[in-house]
Structure formats: C-alpha cells, structure tokens
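All ligand and atom numbering here is 1-based and tracks the order in the structure.
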Amino acid sequence: MASTCSGRNNIQGHPCFGGNRHKNGRIHLAVAPRCNIQCGYCTRRHDCVNESRPGVTSRIQTPQEALETVRAVMKNDLSDIIKVVGIAGPGDPLANEETFETFRLVGEEFPQLIKCLSTNGLLLPESLDSLAELGLGSLTVTINAIDPVIAGRIYKHVLYQGKRYSGREGGELIISRQFAGVERAVELGLTVKVNSVLIPGVNEQQIGLIAERIKKSGAFVMNVMPLIPQADFAHIVPPSPEELELVCTANEKIIGQFRHCRQCRADAIGLIGQDSQGADSGCSISQLA
Ligand code: SF4
Ligand code: SF4
Ligand code: SF4
C-alpha cells in the first residue's frame, strides 16, 4: 500500500487538511445536483448533509457559470486567500458529469488552485483515474458504517449501474466501494479525509471501527459530524457536543480528528468561518496522525 502522506505535498495550505485556516480559504462550486443513494438523514431539499450544511439550498451552476464564479472571485480581494476549489454537492459530485467538466475548466485557467472533492464513495473506484488525471489533490469520503446491516439502515437505497439495492445488500455494496475507493485514492497519492455522521442508536458503535479501518487504508484524517435530525432520522436526538467530544477523544488515539466542523455550504466562498455565502463555520485538526 502507498504511504499515507504521498499526496500531502500537493495540498500544502489546504485549510481543511491542516493548512492555516485564518489565511487560506476555499471556494465551493455547486455544480452537482444529483445523487445516487438515499441517506436516512437527507431530505434532498438541501445541500448534501455529508459535507454541507442544510438550511439554504445552493443555486446550481453550470460548469461554465462555475468557471465565471472562480474568475470573479480570483479578480477581487479574495484572490490572495483562495487556495482550494472544492465540489461538495449539493448532491454527490461523482454522480454528475458536470463535476469533471468543472474541474477541467477551472484547472486549465487556475492550475494553482488545489482541487478537492467530497463524495459518498459509491462511484469512487471507477472515477479515480479521471480525477487523478484532472489533478485532484484531496478527497473526502463519507463512511457511516463498516457493518453492512447497519449501513442498510442508514442508506435507504443505493442505485448502481441501473439497479436499486437496499438493506444488507445495499450496505455491502456501498461499503465495499467506499473502501476500495479510499485505498486506490491513497495509492494514487491523494490525501483522504473520511467524514462519519454520528447517529445515536444507529452507528455509534461503528465510529471507532471505521477509524481503525480507514487508518489501515491510509486515510489522513477523520471528521465525525453530529447528525442533523431530518427525514427518516428526524426523531433521533443528535449527539451533544460533550458526547461528540468523547467520541473524538477516543478516536484520536487511532487517527487525527477534525474538530468543530460546521458542515459548510456547497457554495461557501472564503475563509472558513467567514464565508461570503455559506454560514459561519470553523474547523481545526487535532493530533494529525
Ligand atoms: Fe443526501 Fe448527500 Fe446522502 Fe446524497 S449522499 S442522499 S445528497 S446526504
Ligand atoms: Fe474540500 Fe470538504 Fe474542505 Fe470543501 S469542505 S474544501 S470539499 S475538504
Ligand atoms: Fe470542511 Fe467542516 Fe472545515 Fe467546513 S468546517 S471547511 S465542512 S471541515
């Protein structure tokens, strides 16, 4: 297996991967409306909950419009701080061809920007060669379980190659794709973050197991996010900050943890915590492994 830090030089300064978040910012391009799974906590009316804060849906842009957004941002006083261009939704970026076209267009004109992507991982193995060719630097995969039965409770269905899977079968499929994707991404030299949504009563026993497995797979850091109760999980009481802290502290012994993630919007622009479009947020990393 490739070393865990083979790609880290490519993402120097990335504010979500240990770069100085008071100086370095990112721009999210909301070019990916469609999704290929249904998470129990997602209403589809808002940005992808796996990386983006729900509440105000991002306006979808075409790749050309997204390029124009980047041009406008890079012309104004944010140009010095924007180091990363990320695609994080509002659906799953890999289920949308526009993601690839956007990275191509932006990469041609702004090769200095680090390209970053967040995905549920279902289409990751077959997408990675194209993403590597496009020069992707960093990747976030949301993994909520390693037990397929539990994954089957979290993912109501998984649509893959024209077929719909659910329950244990759907769980097995997505888990196998997620880990195959993480391992291949690490081999290709990408820096990988894993997000996990902590859903009390459903997957709290899975979080430590996910941490162990992603560490073995070569992931760089883990970000445990509290459930935002909605859709099928609207009745679940989210973990308190103290409960989340306990989980992060236990995980820290296994792999570095992001803390205080506020799930930025899919169209956030600027410094984390001072976005011109997304809501206030902030993140820091502790004990990076
Ligand atoms: Fe919703 Fe994101 Fe899950 Fe798709 S991957 S169902 S957009 S939370
Ligand atoms: Fe990349 Fe996620 Fe950070 Fe956006 S929030 S720049 S997709 S790691
Ligand atoms: Fe990414 Fe969360 Fe940091 Fe926002 S607060 S940049 S979503 S890790």
Side-chain angles (χ1 to χ4, degrees), residues 11 13-19 21 24-54 57-58 60 81-96 99 102-103 113-124 131 136-144 151 154-159 170 174 177-178 190-197 199 219-223 225 227-228 230-233 258 260-273 275 277-279 281-285:
I11 60 151
H14 193 318
C16 303
F17 287 81
R21 69 195 164 97
N24 300 337
R26 42 80 187 106
I27 173 167
H28 277 170
L29 300 172
V31 293
R34 293 174 291 281
C35 193
N36 44 16
I37 65 172
Q38 178 63 60
C39 301
Y41 45 71
C42 178
T43 62
R44 292 287 177 86
R45 288 200 297 273
H46 306 301
D47 288 342
C48 176
V49 181
N50 291 338
E51 181 89 291
S52 310
R53 168 185 285 230
T57 306
S58 307
I60 308 301
I81 62 161
I82 299 293
K83 303 287 184 253
V84 179
V85 57
I87 301 183
D92 185 67
L94 298 182
N96 296 266
T99 295
T102 304
F103 276 144
L113 294 177
I114 299 163
K115 296 182 197 70
C116 186
L117 177 121
S118 172
T119 176
N120 61 40
L122 181 64
L123 295 179
L124 194 50
L131 292 169
L136 191 77
S138 53
L139 175 73
T140 297
V141 187
T142 299
I143 301 179
N144 294 322
I154 298 171
Y155 306 112
K156 240 168 115 176
H157 66 245
V158 174
L159 289 171
I174 192 162
R177 315 276 315 153
Q178 289 169 333
L190 299 180
T191 306
V192 179
K193 166 159 76 78
V194 169
N195 283 354
S196 300
V197 181
I199 312 166
F220 175 56
V221 69
M222 182 179 193
N223 176 16
M225 309 188 300
L227 172 74
I228 300 166
Q230 42 178 15
D232 287 356
F233 295 154
F258 265 98
H260 315 304
C261 173
R262 296 288 158 82
Q263 292 143 287
C264 305
R265 284 174 47 160
D267 61 356
I269 298 175
L271 289 177
I272 292 165
D275 292 317
Q277 303 202 5
S281 59
C283 63
S284 58
I285 301 179

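For ligand 2, the atoms lying closer than 4.0 Å to a non-hydrogen atom of Lys193 are 8 (S). Each of the atoms 4 (Fe), 5 (S), 6 (S), 7 (S) of ligand 2 lies under 4.0 Å from some heavy atom of His28. When each atom of ligand 1 is checked for a heavy atom of Pro90 under 4.0 Å away, the hits are 7 (S). Of all atoms in ligand 2, numbered sequentially from 1 with element shown, those under 4.0 Å from a heavy atom of Glu51 are 2 (Fe), 5 (S), 7 (S), 8 (S). In summary, the atoms of ligand 2 found under 4.0 Å from a heavy atom of Thr140, numbered by their order in the structure, are 8 (S).
Pro90 approaches Ile60 most closely through the heavy-atom pair CG-CD1, 3.3 Å. Taking every heavy atom of both residues into account, Ile87 and Leu29 meet most closely at CG2-O, 3.8 Å. Annotation for Ile174 and Asn120: closest pair CD1-O, 4.0 Å, computed over non-hydrogen atoms. The two atoms that bring Cys116 and Ser138 nearest to each other are SG-OG, 3.1 Å, heavy atoms only. In plain terms, the two heavy atoms of Cys42 and Ala231 that are nearest each other are O-CB, 3.5 Å.
In this structure Tyr41 satisfies the side chain to side chain donor-acceptor pair (under 3.5 Å) test together with Asn50, Asn144, sequence neighbours excluded.
For the residue pair Asp92/Thr119, the side-chain donor-acceptor check at 3.5 Å is satisfied.
Near atom 4 (Fe) of ligand 1, less than 2.8 Å away, sit the protein N, O or S atoms Cys35 SG.
Side-chain contact check for Leu94 versus Leu131: some heavy-atom pair is nearer than 4.5 Å.
Side chain of Thr99 to main chain of Pro93: a donor-acceptor pair is present (N/O by atom type, distance under 3.5 Å, no hydrogens or angles).
Residue side and main chain included, Cys116 places an N/O/S atom under 2.8 Å of atom 1 (Fe) of ligand 2.
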